[in-house]
Amino acid sequence: MKIKNKVIYFCVIFLILTSLTAGGQTEQINVTVNGTAVIFDQQPYVNAQNRTMVPVRFVAEELGCEVDWDKEKQQVRITNDTTHIELVLGENKALVNDRLVYFDTSSEVENQRTMVPVRFISETLGASVVWHQESYEVEIVMNQKTSAELISGTVYYVSNDGSDSNDGLSEATAFRTLAHAGEQALNPGDALLLRRGDTYRERLYVQFSGNEDNWITYGAYGSGDRPRILGSDALSEWTQVSGNIWRSETEVENPFGAYYDKGEVFFETLDNQVDWGAYQEDQIISSLEKEFDWTYIDGQVYVFASGNPSQVYKSVEAPQRNNCIYFPEMSGGTFTEEDTVEYIRIQDLEVMYARRQGIYVGYSEIVARGLHITGCHIGYIGIKGGSSAYGIASWYSDMTIDYNVIHDCGRRGISINTYTDNTEDMSVSNVLIDHNYIYNGYHTTGPDISSISGLGHHFYDFTISNNIFDDTGIEHIEETSNVIYIQGNGNVYEDFSIYNNVIYGATSRAMLIKDIDGVNIWHNTIYGVHPEARPYGMVTFGEATGIDFRKNIIHGTLPSSSFDAYCVLDENGSSFVARDYNLYYQDDPKQQFTGSSTIGGYPNMSQFSQWQSETAWDAHAPLPANPLFLRVYEDLRVDSISPAVGAGVYIIDVPYDLLGNKRDTSNPTIGAYEYIEVK
């Protein structure tokens, strides 16, 4: 599913390969995949841009992908479980899960073979690539397991063509419904797999536990798009009421519901984009004045459309269910650890159009462990600014959320909130949020981590790393959104690390860190805020202590006439154990780059040296200057003459950058990307 002007999966953006010398290269290039040498019918070579090119057939045969060639469009399509790449011959750009990305060479034809850049393709598909200069060898290590490789027990299959009278034990005897499939007693190591390309308009119930050694997997099988689990019913049988007003004869509950249970109608357009509807609460036809306006009258949905919606749109989706994937609710009673559902993997599923949560693991009142959500696409949940509209809602320990695309969630992209009085003294730990692409937020774009005040909760060992957060696709701000939000509210929050993240165009703060003791914020790149934003500080600390803030790029874009938009704002007793090697820049030199109510005041860039002297902070930082990104909003790697290049200090806990490049151990580059010289 293509989503309007946005990336569905970022994984790896650009290709930086080789220290090969241009021109006259005659040595044979060897390629290994997981230690096995590859035999080619067309030998790899180094092209004019000094990039190693390999036949596209290699990608299919050695990297386990499907490869299609569109002769009319001169286009190569490369697909695996999690990634879809489209390359056009002769162009230096590609669509990676529907996001336009650029690289510095192009696919080409050699001896009637389509040749593609090996590093770009391999890394985008989740592999590690190393060039060995001495042996002229490209070493590729595939490091992302598929669902099948993680399953040790019985596999059950579900497909739209199946039958609930089947045993579900093969693709040919698959179950038909999620309701029936969810009733199967799964044991540790078992799996329930949904056929790719299918759509399920019902909820998936997760009620059985794996164990620490053998997790239960809910995933996908076959080829094609991720299986879709939708919280909506499709509206059809349209009747023209008058002019541009159309009524669906499909009987549904009011998607907007009441209190927490509110969802907009979503419009899937013919060019595979999705638009939010705009509910008119007065429930009268005359209130429908423009496209995507809708209301609900006497059991039926009315919309404004230029023609019959069945012809104008691919689908009109009315949210009917509160969530798409759900776990048992363990609140309001007496529960023990034996009651919890633990060690669950949810992989390669598409979850959309629910009223409250995409994936809801139940607000358990006791500690639960073991949850891995990976390779999923989660979006269009609830209403903008809704009270309960979360992509993922969980407070599991030993939880990993990685390689997902999460977007357009009306409240929070990832909600880790202990908001119940019955969870005194609860601990949540060992949480990793890594390599996700998260965008279009309406309250908290990414992770929102907080607790009710005074419950004695202990949150520790959290890592937020290697993610891209992007709010640049929001045209007009209806609801401002913090990107990363962490607030302890008097509970014990400690040992948090936030590194190698890229944040574009926040509509409020890029990071809001409050009431926490011990947080490492390293090697992040933050660019700009929305023109209508009210961010206070792009990175804001409140009552936060033990802050290690080093080697970040923070580039502000609001003019001084706008609401205060400091690069960094620290207030209410916040304190640093380290603050150094950061690169600050404001497009408007009159705008303050930092602010403190206690130390250093509110200086602008021209006062940087004085501020350094008075505070002893950022003693080794470069003077504020333009970071010189390669392409603003497209590629926030820095140019070779950027003041960020070689201006950092090595942090042993961050040996690689967002793309997996090794950090320079002597003079690393500031920001999320290490500068790699291209020869």
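All figures in this text were calculated on a predicted structure; none of them were measured in a lab.
- Side-chain N or O atoms of Asn436 include one that pairs as donor or acceptor with a backbone N or O of Asn404 at under 3.5 Å.
- Below 30°, between 30° and 60°, or above 60°: for Tyr437 and Tyr439 the angle between ring planes is between 30° and 60°, a tilted geometry.
- Using a 4.5 Å heavy-atom threshold, the side chains of Pro328 and Tyr205 count as touching.
- Heavy-atom neighbours of Glu249 CD from other residues, nucleotides or ligands within 6.0 Å: above the threshold of 12.
- Distance alone, capped at 3.5 Å, places no donor-acceptor pair between the Asn166 side chain and the Gly168 backbone.
- Put simply, the side chain of Ser107 never gets that close to the backbone of Met115: no donor and acceptor are under 3.5 Å apart.
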Exercise for the section: Report the C-alpha separation of Tyr360 and Phe327 in whole Å, then their side-chain angles, then the decisive distance to 0.1 Å, and conclude whether the ring-ring contact (aromatic ring centres under 6.0 Å, His included) test is met. Expected result: CA-CA 6 Å; Tyr360 175 61; Phe327 288 46; 8.6 Å; no

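- Look at Arg355 and Glu253 and you find a salt bridge, because one of the NZ, NE, NH1 or NH2 atoms lies within 4.0 Å of a carboxylate O, short of that distance.
- Judged by distance alone, the side chain of Thr217 and the main-chain N or O of Gly219 form no donor-acceptor pair under 3.5 Å.
- Contact annotation: the side chain of Asp190 never approaches that of Gln184 to less than 4.5 Å [non-hydrogen atoms, C-beta and beyond].
- Between Tyr157 and Tyr221, the angle of the ring planes goes over 60°, which puts this pair in the perpendicular group of the 30/60° scheme.
- With a 6.0 Å radius and a threshold of 12 heavy atoms from other residues, nucleotides or ligands, Glu212 has its CD atom at or below the threshold.
- At a cut-off of 3.5 Å, with distance as the only test, no side-chain donor of Arg411 or Tyr390 sits close to an acceptor on the other residue.
- By the 30° and 60° cut-offs, the orientation of the rings of Tyr442 relative to Trp276 is perpendicular.
- Judged by distance alone, the side chain of Gln357 and the main-chain N or O of Asn323 form no donor-acceptor pair under 3.5 Å.
- By the side-chain contact (heavy atoms from CB on, under 4.5 Å) test, Arg321 is found to be paired with Arg201, Arg203, Asp233, residues two or more places apart in sequence or in another chain being considered.
- When side chains are defined from C-beta on, Met426 counts as touching Trp395, because their heavy atoms get closer than 4.5 Å.
- Using a distance-only test at 3.5 Å, with no hydrogens or angles considered, a donor-acceptor pair links the side chain of Asn467 to the main chain of Ile433.
- Using a cutoff of 4.0 Å between basic side-chain nitrogens and carboxylate oxygens, Glu268 and Arg228 are scored as salt-bridged.
- Classification of the His377-His407 ring pair by plane angle, with boundaries at 30° and 60°, yields parallel.
- Here Leu169 pairs with Thr154, Tyr156, Asp167 under the side-chain contact (heavy atoms from CB on, under 4.5 Å) rule; sequence neighbours left out.
- Side chain of Tyr296 to backbone of Val252: a donor-acceptor contact under 3.5 angstrom is found.
- Residues Tyr279 and Trp294 bring their aromatic ring centres within 6.0 Å.
- Side chain of Glu202 to backbone of Leu178: a donor-acceptor contact under 3.5 angstrom is found.
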